[in-house]
Amino acid sequence: MSATVHVRELTADDLDAAWELGRFAFGSDPQRPAPAAGPAPGRTRYGAFDDAGRLVGKAVDLHHDQWWAGRAVPAADVAGVAVAPEARGRGVARALLSALLRGARDRQAAISALYPTVAAPYRACGWEAAGVLRTVDLATAALPRHRPASHLTVRAGTPADLPAVAALYERVTRHRNGMLTRRGELFDAADRDLPGDGVTLVEADGELVGYATWQRGRGYGADSVLTVDEALAVTAEAARELVGVLGSWASVAPTLRLCPLDGDAVSTVLPLESARDHERDLWMHRPVDVARAVSARGWPAHARGVVDFGLTDPLAEWNTGTWRLTVADGAAELARVGGEAELRLDVRGFALLYAGAAQARSVAQAGLLHCAGDADPTALDLLGVGGPAQLLDYF
């Protein structure tokens with residue numbers, strides 16, 4: 001095939017070819033689902049075409065927002081990247097991701113995350129591994145038993161409870177880093193039925209203080225699994241109540257499967273020392289627009305400082321240059337400055353620091369931060385204050 005590819009947004013006429021390309025890439029069911037009517041809300045779909053007009057690659061920009069220390073940061077989260085086998089290794093994915101980043105910047109996105117099937121092509125485009133979405137199995141019988149608290153009400157949820165569930169999710173996640181806000185067109189257009197097979201609610205004086213969404217699965221033998229899509233609580237008592245309800249499934253579902261959220265109320269009750277990994281999904285991060293990524297997020301109130309650094313971003317040249325980072329009073333900004341800085345950062349190093357996935361000395365050891373003379377790399381730890389990022393949503 002020709003080495004030239006042309007990237008543009010997909011139209012309705014391209015969707016059959018895009019679905020077929022995805023089917024080959026991801027091994028999905030050959031039975032094509034009914035096409036959605038009209039444009040897909042909350043996403044931008046890109047296609048790469050060869051000189052003959054054949055679709056040879058595709059990628060989707062998901063218009064998410066991510067919580068970063070109490071502020072919603074616009075994100076361009078990437079999904080559905082696929083390249084035709086005959087076109088692989090010819091720069092198609094790079095052309096797609098370059099166009100996606102430009103489009104995302106134009107719509108004011110600041111950051112981007114993705115789940116790679118293989119990391120190397122995304123590293124070449126500036127994304128870097130920042131965390132793992134971990135799904136674990138626990139013996140249901142090993143969950144701690146709990147005497148029901150008389151002041152708490154436990155009941156099954158209904159569709160009318162979904163706004164309260166969404167509000168509790170936000171209470172748990174908004175002060176963290178990286179979590180999706182679950183706001184916007186993508187979520188407004190989502191099905192409003194109950195997720196999974198059921199929702200268990202815990203209330204105190206009529207206020208929701210904990211919930212679990214779950215899928216019963218099949219059978220009741222030794223291989224039966226209760227899959228908990230999400231279990232969150234805002235009090236220790238509600239967490240113990242939820243875990244007690246989940247433990248009551250032991251006689252018919254010997255295995256409990258869930259994604260723990262590090263350090264939250266429910267995780268502090270679970271016997272995670274006996275957890276076995278069921279699945280691990282690496283996720284990667286990068287800035288779309290570094291100045292916007294810094295100014296849009298929240299910062300710890302105690303963090304203060306100023307540091308100059310150079311940044312290199314071959315795919316998003318608007319990020320390349322010399323910058324001054326100023327952090328104070330729970331906010332920060334990046335401003336361009338002249339000259340060369342003693343600290344020179346690769347965009348992948350920026351991603352690691354921003355997501356709290358590594359400290360500056362480790363980034364330097366990885367070759368993603370270069371220091372001139374006696375410059376101290378730890379000055380750039382200022383970019384990583386606020387703790388590590390985590391995701392609970394797979395996309």
Side-chain angles (χ1 to χ4, degrees), residues 28-29 31 33-34 36 115 133-146 148 152-173 179-180 182 186-204 206-234 238-261 264-267 269-272 274-281 391-395:
S28 54
D29 192 320
Q31 184 63 42
Y115 287 93
L133 175 62
R134 189 167 65 113
T135 305
V136 303
D137 286 350
L138 290 163
T140 313
L143 300 185
R145 295 307 177 119
H146 171 63
L152 296 178
T153 300
V154 179
R155 65 177 178 87
T158 71
D161 297 307
L162 292 179
V165 168
L168 189 139
Y169 167 84
E170 190 163 302
R171 287 181 63 189
V172 171
T173 59
M179 309 285 285
L180 299 194
R182 297 184 184 169
L186 267 174
F187 296 96
D188 292 343
D191 189 352
R192 291 307 178 186
D193 290 335
L194 287 176
D197 292 330
V199 179
T200 298
L201 307 181
V202 180
E203 296 173 324
E207 178 189 2
L208 185 67
V209 289
Y211 72 86
T213 62
W214 45 267
Q215 300 179 56
R216 169 63 181 87
R218 298 176 63 86
Y220 54 89
D223 59 349
S224 181
V225 177
L226 178 71
T227 299
V228 178
D229 297 311
E230 202 158 271
L232 300 176
V234 292
R240 288 192 291 268
E241 200 81 19
L242 274 179
V243 172
V245 172
L246 296 175
S248 72
W249 287 90
S251 63
V252 292
T255 299
L256 179 78
R257 182 168 294 158
L258 81 164
C259 296
L261 179 60
D264 81 312
V266 173
S267 289
V269 180
L270 296 172
L272 291 175
S274 62
R276 306 181 308 277
D277 277 359
H278 170 72
E279 195 169 28
R280 295 171 62 86
D281 293 296
L391 282 172
L392 262 189
D393 294 85
Y394 186 85
F395 44 82

Can you list the residues that meet the side chain to side chain contact (heavy atoms under 4.5 Å, CB included) rule with [X], with sequence neighbours excluded?
X      : value
Pro163 : none
Ser251 : none
Glu279 : Thr135, Asp281
Arg171 : Glu207, Val234

Which residues share a side-chain hydrogen bond (donor to acceptor under 3.5 Å, both in side chains) with [X], sequence neighbours left out:
X      : value
Asp393 : Arg182
Thr200 : Trp214
Asp188 : none
Arg280 : Asp277

Excluding sequence neighbours, so at least two apart, what forms salt bridge (charged side-chain N to carboxylate O under 4.0 Å, His left out) with Asp264?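 For Asp264 there are no salt bridge (charged side-chain N to carboxylate O under 4.0 Å, His left out) partners, ignoring immediate neighbours.
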Could you check whether the rings of Tyr115 and Phe395 sit parallel, tilted or perpendicular, using 30° and 60° as the cut-offs?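 The arrangement is perpendicular - the two ring planes meet at more than 60°.
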With heavy-atom distances below 4.5 Å as the criterion, would you say the side chains of Leu208 and Val202 are in contact?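 Counting from C-beta outward, Leu208 and Val202 never come under 4.5 Å.
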Would you say the side chain of Leu246 lies within less than 4.5 Å of the side chain of Thr140, judging by non-hydrogen atoms?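 No, too far: nothing below the 4.5 Å cut-off.
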[X] and [Y]: which non-hydrogen atoms are nearest, and at how many Å?
X      : Y      : value
Leu242 : Leu232 : CD1-O, 3.5 Å
Ala233 : Ala239 : CB-N, 3.7 Å
Ala238 : Val209 : CB-O, 3.4 Å
Ala231 : Val266 : O-CG2, 3.6 Å
Leu143 : Pro271 : CD2-CD, 3.8 Å
Val136 : Pro260 : CG2-CD, 4.0 Å

Determine, step by step, whether Asp229 and Leu258 satisfy the side chain to side chain contact (heavy atoms under 4.5 Å, CB included) criterion, reporting the C-alpha distance in whole Å, the side-chain angles of both residues, the deciding distance to 0.1 Å, and the verdict. CA-CA 6 Å; Asp229 297 311; Leu258 81 164; over 6 Å; no
[X] side, atom [atom1]; [Y] side, atom [atom2] - distance, nearest 0.5 Å:
X      : Y      : atom1 : atom2 : answer
His278 : Thr255 : NE2   : OG1   : 10.5 Å
Asp197 : Thr213 : CG    : OG1   : 10.5 Å
Cys259 : Leu133 : SG    : CG    : 4.5 Å
Leu392 : Leu180 : CG    : CG    : 9.0 Å
Asp193 : Leu162 : CG    : CG    : 8.5 Å

Can you tell me which residue pairs pass the salt bridge (Lys or Arg N to Asp or Glu O under 4.0 Å) test with a partner in residues 239-254, sequence neighbours excluded?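 Sorted result for residues 239-254: empty, none.
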Exercise answer: donor-acceptor pairs, residues 221-228 side-chain atoms, under 3.5 Å, sequence neighbours excluded:
| from | atom 1 | to | atom 2 | distance (Å) |
| --- | --- | --- | --- | --- |
| Ser224 | OG | Arg216 | NH1 | 3.2 |
| Ser224 | OG | Gly219 | O | 3.1 |
| Ser224 | OG | Val252 | O | 3.1 |

Please, which pairs that meet side-chain hydrogen bond (donor to acceptor under 3.5 Å, both in side chains) have at least one residue in residues 160-170, sequence neighbours excluded?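 Matches after skipping sequence neighbours: Arg155-Asp161, Thr158-Asp161, Glu170-Arg174, Glu170-Arg183.
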